[in-house]
Amino acid sequence: MLDNYGTKRIIVTGGSGFLGSHLCERLLENGHEVLCVDNFYTGTRGNIEHLLDNHAFELHRHDVTFPLYVEGDEIYNLACPASPIHYQYDPVQTTKTCVVGAINMLGLAKRLKIKVLQASTSEVYGDPTVHPQTEEYWGNVNPIGTRSCYDEGKRCAETLFFDYNRQLGLRIKVARIFNTYGPRMHPNDGRVVSNFIVQALHDKDITIYGDGSQTRAFCYVDDLIDGLVRLMDSRDDFTGPVNLGNPNEFTMRELAELVIELTGTKSRVSYKELPSDDPKQRQPDNSLAKAELDWEPKVELKEGLVKTIAYFEKLLSA
Ligand SMILES: NC(=O)c1ccc[n+]([C@@H]2O[C@H](COP(=O)([O-])OP(=O)(O)OC[C@H]3O[C@@H](n4cnc5c(N)ncnc54)[C@H](O)[C@@H]3O)[C@@H](O)[C@H]2O)c1
């Protein structure tokens, strides 16, 4: 389907979600046509409203757990609820989206003989016993816990991707995405960055689960999208899995203090019990992404938070 100008028709599943909408935008900016496939489970029309008038953008309401018959040159498979509140709401559907969704997208890629990229996750490492995590680490995952529908679903999806590659020669790319934040995150999805910002903007207590010493590394959405596009465009024999995340670690307490400073809120910090299976520490080793994709996150936490806070201020005042 390539025309003379190198324009591709790119399928983005989960394209109306947080990351998907930014990816659709980036691919359009890069001169491609985009087919956004989404069932609006957690994504919103608002996320892609500004793209609907673009003749290179097409929206297809579809659940990836059912086969998809369309044409295209590449597939980015992002469809899947990503926050614990959303993926634990209907865990059976979450596993189906991860596993059956992957089978359907791999089947489509096989029929069309095209590349397919899987949005995997740092959750495949579970509660890691090595730190930072390299791609060689196999993980420490509870197979029967409340997070397992997502963690094990994503692990099984990775297995399927690699078996389609080994067995059928399909060109695959697997990105292990670490905590990403930015505009268009859901205001009520329970993820720590959006939680803290929304609580701060409402002058409510900022809730830290546990004692606040657990760390996370936060990647700004523009950096992450850059990594995904570089991965898709990498040489055919580079499959990943490759970590994409920001290695700069912050404790939950430090994050709360930064949000308090940047919003100028009257909020105070309150502490609650840590939920089960919550990983204590997560930090990507990005050496592989740097070597293979020449990719490194550039946006500092403070700079990214300013943009994210501005987005939530506008959203909450609307
Ligand atoms: N945001 C992060 O920090 C992060 C971290 C690791 C991995 N990821 C992965 O990246 C992808 C996108 O995450 P996000 O943060 O944008 O989440 P999101 O919930 O904002 O987006 C997911 C999108 O998938 C759609 N979707 C869900 N089930 C579907 C189905 N059965 N059929 C079609 N569409 C479906 C939703 O409606 C939504 O638009 C997910 O696969 C997630 O696992 C995200």
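Along the sequence shown, the residues carry numbers beginning at 1. All heavy atoms count here, side chains included; hydrogens, waters and symmetry mates do not.
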**Student:** Give every donor-acceptor pair under 3.5 Å between a side-chain atom in residues 195-202 and any protein atom, sequence neighbours left out.
**Tutor:**
| unit_1 | atom_1 | unit_2 | atom_2 | d |
| --- | --- | --- | --- | --- |
| Q199 | OE1 | T207 | N | 3.0 |
| Q199 | NE2 | T207 | OG1 | 2.6 |
| H202 | ND1 | V198 | O | 3.3 |

**Student:** Mind checking ring pair (Phe, Tyr, Trp, His ring centres under 6.0 Å) for F161 and listing every partner two or more places apart, or none if nothing turns up?
**Tutor:**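 Counting only residues at least two positions away or on another chain, F161 forms no ring pair (Phe, Tyr, Trp, His ring centres under 6.0 Å).
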**Student:** So which pairs with a foot in residues 170-182 pass side chain to side chain donor-acceptor pair (under 3.5 Å), sequence neighbours left out?
**Tutor:**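 Counting only pairs at least two positions apart or across chains, the side chain to side chain donor-acceptor pair (under 3.5 Å) contacts touching residues 170-182 are Y125-R176, E158-R176, K173-S234.
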**Student:** Does anything in residues 247-261 pair up under salt bridge (charged side-chain N to carboxylate O under 4.0 Å, His left out), and if so which pairs, sequence neighbours excluded?
**Tutor:** E261-K302
**Student:** How about N77 and T13: does a side-chain donor come under 3.5 Å of a side-chain acceptor?
**Tutor:**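 The answer is yes; a qualifying pair exists.
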**Student:** Would you say OH of Y89 has more than 12 non-hydrogen atoms from neighbouring residues, nucleotides or ligands within 6.0 angstrom?
**Tutor:**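 No, because the 6.0 Å sphere around OH of Y89 holds 12 heavy atoms or fewer from other groups.
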**Student:** Who pairs with D163 by salt bridge (charged side-chain N to carboxylate O under 4.0 Å, His left out), at least two apart in sequence or on another chain?
**Tutor:** R166
**Student:** Quick one: which residue pairs count as a salt bridge (charged side-chain N to carboxylate O under 4.0 Å, His left out) with a foot in residues 103-119, not counting sequence neighbours?
**Tutor:** E71-R111, E74-K115
**Student:** Out of curiosity, does F250 fall in the hydrophobic cluster containing I309 (side-chain heavy atoms, cut-off under 4.5 Å, transitive links)?
**Tutor:** yes
**Student:** Test side chain to side chain donor-acceptor pair (under 3.5 Å) on Y87 and T97; report intermediate values, then the result.
**Tutor:** CA-CA 10 Å; Y87 69 64; T97 295; over 6 Å; no
**Student:** Using the rule that two of Ile, Leu, Val, Met, Phe, Trp, Tyr join whenever any of their side-chain heavy atoms come within less than 4.5 Å, decide whether V174 and I75 are in one cluster.
**Tutor:**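 Linked, V174 and I75 end up in one cluster.
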**Student:** Taking side-chain contact (heavy atoms from CB on, under 4.5 Å) as the test, write out the residues that go with A157, two or more places apart.
**Tutor:**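 side-chain contact (heavy atoms from CB on, under 4.5 Å) check on A157 returns A102, Q118.
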**Student:** Can a side-chain donor-acceptor contact be found between T265 and S267 if the only test is distance below 3.5 angstrom?
**Tutor:**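 Side chains of S267 and T265: pair found under 3.5 Å.
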**Student:** Determine whether the side chains of N165 and T239 contain a donor N or O and an acceptor N or O closer than 3.5 Å.
**Tutor:**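 Side-chain D/A pair, N165 to T239: absent.
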**Student:** side-chain contact (heavy atoms from CB on, under 4.5 Å) with K307: which residues, sequence neighbours excluded?
**Tutor:**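 Residues passing side-chain contact (heavy atoms from CB on, under 4.5 Å) with K307: Y220, E303.
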**Student:** Show every salt bridge (charged side-chain N to carboxylate O under 4.0 Å, His left out) that has at least one partner inside residues 36-65, sequence neighbours left out.
**Tutor:** R9-E58
**Student:** Please list, chain by chain and in numerical order, all residues satisfying side-chain contact (heavy atoms from CB on, under 4.5 Å) with R26, sequence neighbours excluded.
**Tutor:**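 Listed in chain order: E29, N30, D222, I225, D226, V229.
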**Student:** Could you name each residue pair satisfying salt bridge (charged side-chain N to carboxylate O under 4.0 Å, His left out) that touches residues 182-198, not counting sequence neighbours?
**Tutor:**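 Every salt bridge (charged side-chain N to carboxylate O under 4.0 Å, His left out) pair that includes a residue of residues 182-198, provided the two are not neighbours, is E25-R184, D189-R191.
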**Student:** Is the backbone of V124 close enough, under 3.5 Å, to the side chain of D151 for a donor and an acceptor to pair up by distance?
**Tutor:**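 No: the side chain of D151 does not pair with the backbone of V124.
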**Student:** Please answer: with hydrophobic residues joined when any side-chain heavy atoms are less than 4.5 Å apart, are L78 and L68 in the same cluster?
**Tutor:** no
**Student:** Any chain of hydrophobic side-chain contacts (each under 4.5 Å) joining L117 to L224?
**Tutor:**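 Yes; tracing contacts between hydrophobic side chains, which count when under 4.5 Å, links both residues.
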**Student:** Any donor and acceptor pair, going by atom type alone, linking the side chain of N286 with main-chain N or O of A289 inside 3.5 Å?
**Tutor:**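 No, the answer is negative, given that no donor and acceptor are paired below the 3.5 Å cut-off.
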**Student:** Transitively linked via ILVMFWY side-chain contacts under 4.5 Å: F57 with V70?
**Tutor:**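 Not linked; separate clusters.
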**Student:** Quick one: side-chain contact (heavy atoms from CB on, under 4.5 Å) partners of A56, sequence neighbours excluded?
**Tutor:**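 Counting only residues at least two positions away or on another chain, A56 forms a side-chain contact (heavy atoms from CB on, under 4.5 Å) with L28, E33, N54.
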**Student:** What orientation do F18 and H22 show, parallel under 30°, tilted 30 to 60°, or perpendicular over 60°?
**Tutor:** perpendicular
